[in-house]
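Here's the structure we're looking at; comments come further down.
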There are 2 protein chains.
Amino acid sequence: MKKTKDENTEEQILNAAKNVFQAKGMDGARMQEIADKAGINKAMLHYYYRNKQLLFEAVFNNAFSLLAPQLNTVLNDNSSIDEKIKNFTSNYISFIIKHPYLPNFIIQELNRNEDFIMKLKENKSFPNIEKFKKQVDKEVRNGLIKSISAEQLFINIMALNIFPFVAKPLIMAFTNTDNEHYKQLMEDRKTEVANFIINSIKVL
Amino acid sequence: MKKTKDENTEEQILNAAKNVFQAKGMDGARMQEIADKAGINKAMLHYYYRNKQLLFEAVFNNAFSLLAPQLNTVLNDNSSIDEKIKNFTSNYISFIIKHPYLPNFIIQELNRNEDFIMKLKENKSFPNIEKFKKQVDKEVRNGLIKSISAEQLFINIMALNIFPFVAKPLIMAFTNTDNEHYKQLMEDRKTEVANFIINSIKVL
DNA sequence: AAATTTGTTAACCAAATGGTTAAACCATAT
DNA sequence: ATATGGTTTAACCATTTGGTTAACAAATTT
């Protein structure tokens with residue numbers, strides 16, 4: 001890995017760290033491997049990021065700040081619930097195909113580090129369900145969708161979209177699919193999932 | 001942790017190892033911590049299980065052999081699809097409430113270790129979608145349920161049931177729920193999820 | 001151009017960690 | 001009681017690993 005002039009050392013480190021941390025997690029990652037991937041001396045990691053924990057946090061916050069806006073399209077957008085579901089599903093799956101390690105990484109490290117989420121919640125732009133809740137409650141009251149709590153609907157939307165990527169090896173094994181077929185299944189889900197959800201909540 | 005007479009050393013080790021590995025993963029787990037939790041000398045771990053990898057595999061296979069039969073109730077049971085969905089949803093959520101770390105552990109380690117799944121698939125009782133696929137295709141043909149591929153339906157069932165436990169910290173943060181409320185949400189899902197799925201695939 | 005700051009490296013270090021060894025312990029068979 | 005075999009322990013070891021240091025190089029300031 002050679003240095004290019006438009007990519008400074010700090011960025012290169014962060015990029016190498018992203019790859020290693022997302023593939024191996026905090027505990028499995030090695031500072032030496034990150035240095036090698038970045039094509040620099042190990043001491044540089046400490047020069048720029050002080051220690052492993054801080055480098056990890058830089059990677060994690062970076063990853064999380066990619067994910068959060070995606071969720072905000074469901075939670076804080078002005079479109080109807082139907083539209084939200086359609087948009088989110090299609091966009092999110094495209095997004096994850098570009099960042100396949102991301103959801104797993106975030107979920108994994110959040111599970112290992114309880115107080116991590118606290119720091120994130122302090123952030124103003126941390127996704128929040130309040131607006132979505134009002135919207136769902138209203139559409140339920142007005143008979144536009146079937147009775148369902150906003151929390152459960154939101155969990156279902158997240159589950160149907162995120163889980164297939166998190167559990168990829170498990171699902172590939174159970175369904176006997178190879179990588180190619182799996183990719184096709186995920187492509188199909190861009191519309192399938194939205195229909196599945198909407199079917200479930202639409203009034204007859 | 002005292003030894004009880006009906007629990008021999010080997011079992012104690014496995015039990016301690018289960019707790020540590022499931023909480024911290026292969027990389028984060030420490031042999032010394034396992035020994036301490038088991039109340040024995042570290043050398044005993046090697047006496048009974050040779051090395052960390054083998055001890056880990058014992059724990060992993062144990063965990064997986066708890067999960068697999070659960071999935072087989074969806075895939076290889078003789079009941080109707082409706083019944084399967086209802087039974088699986090209710091049973092699975094009860095099951096996971098008893099083993100909260102399990103799905104995360106399995107998913108995590110499977111993602112880290114590509115060839116792990118190969119070994120598992122060699123096992124005769126490894127869950128397989130074939131029978132379920134025939135059933136879904138037939139019910140679709142007969143107009144009993146809406147058109148959907150068995151793979152997608154199976155993925156949806158798994159996603160809706162497993163994801164909420166895997167992503168617990170994330171969901172708790174987004175939905176602003178405490179542990180008590182979260183538990184209630186999961187209880188509710190025992191019936192909610194089945195209804196959600198069935199609503200989505202039933203013909204009108 | 002001299003001085004100072006910033007970036008980079010090789011060599012080093014202490015602690016942690018998985019694993020080993022040799023001796024001791026203890027139940028049971030002889 | 002004593003020899004035997006599995007079980008358990010304390011002490012030890014080699015390697016890995018995150019992190020430091022001191023010297024060097026390259027900009028940047030004066």
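Chain letters run A, B, ... following the sequence lines, proteins first, then strands; residues in each count from 1.
A salt bridge does not link E130(B) with K134(B): none of the charged nitrogens is closer than 4.0 Å to a carboxylate oxygen. With respect to the salt-bridge test (charged N to carboxylate O, under 4.0 angstrom), the residues K37(A) and E33(A) qualify.
In terms of phosphate contacts, Y48(A) brings a side-chain nitrogen or oxygen within less than 4.0 Å of OP1 or OP2 of dT8(C). Within the 4.0 Å cut-off from OP1 or OP2 of dT8(C), at least one side-chain nitrogen or oxygen of T9(A) is found.
A donor-acceptor pair shorter than 3.5 Å can be found between the side chains of N76(A) and N72(A). No donor-acceptor contact under 3.5 angstrom links the side chains of K18(B) and N62(B), judged on distance only. A donor atom on one side chain and an acceptor atom on the other are found under 3.5 Å apart for K168(A) and N179(A). Residues S94(A) and K190(A) have side chains that bring a donor and an acceptor to within less than 3.5 angstrom of each other.
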Point to revise | Footprint string (nucleotides 15-20 of chain C, 5' to 3'): B base within contact, S backbone only, - free, heavy atoms under 4.0 Å | key: --SBBB
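Following rounding to the nearest Å, I13(A) (CD1) and dT8(C) (C1') show an atom-to-atom distance of 11 Å. Rounded to whole angstrom, the span from the CG atom of D36(B) across to the C1' atom of dT9(D) amounts to 14 Å. With rounding to whole Å, Y47(A) atom OH is found 17 Å from dA22(D) atom P. Note: CE (M44(A)) to C1' (dG18(D)) measures 17 Å, nearest angstrom. As a whole-Å value, the separation of F56(A) CZ from dG19(D) P is 14 Å.
The aromatic rings of Y92(B) and F165(B) sit perpendicular, their planes meeting at an angle over 60°, well past the 30° parallel limit. Using a 30° and 60° split on the angle between ring planes, F105(B) and F60(B) fall in the tilted class, from 30° to 60°.
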For nucleotides 23-28 of chain D, list the nitrogen or oxygen atoms of the protein found under 3.5 Å from its nitrogen or oxygen atoms, one pair per line.
none

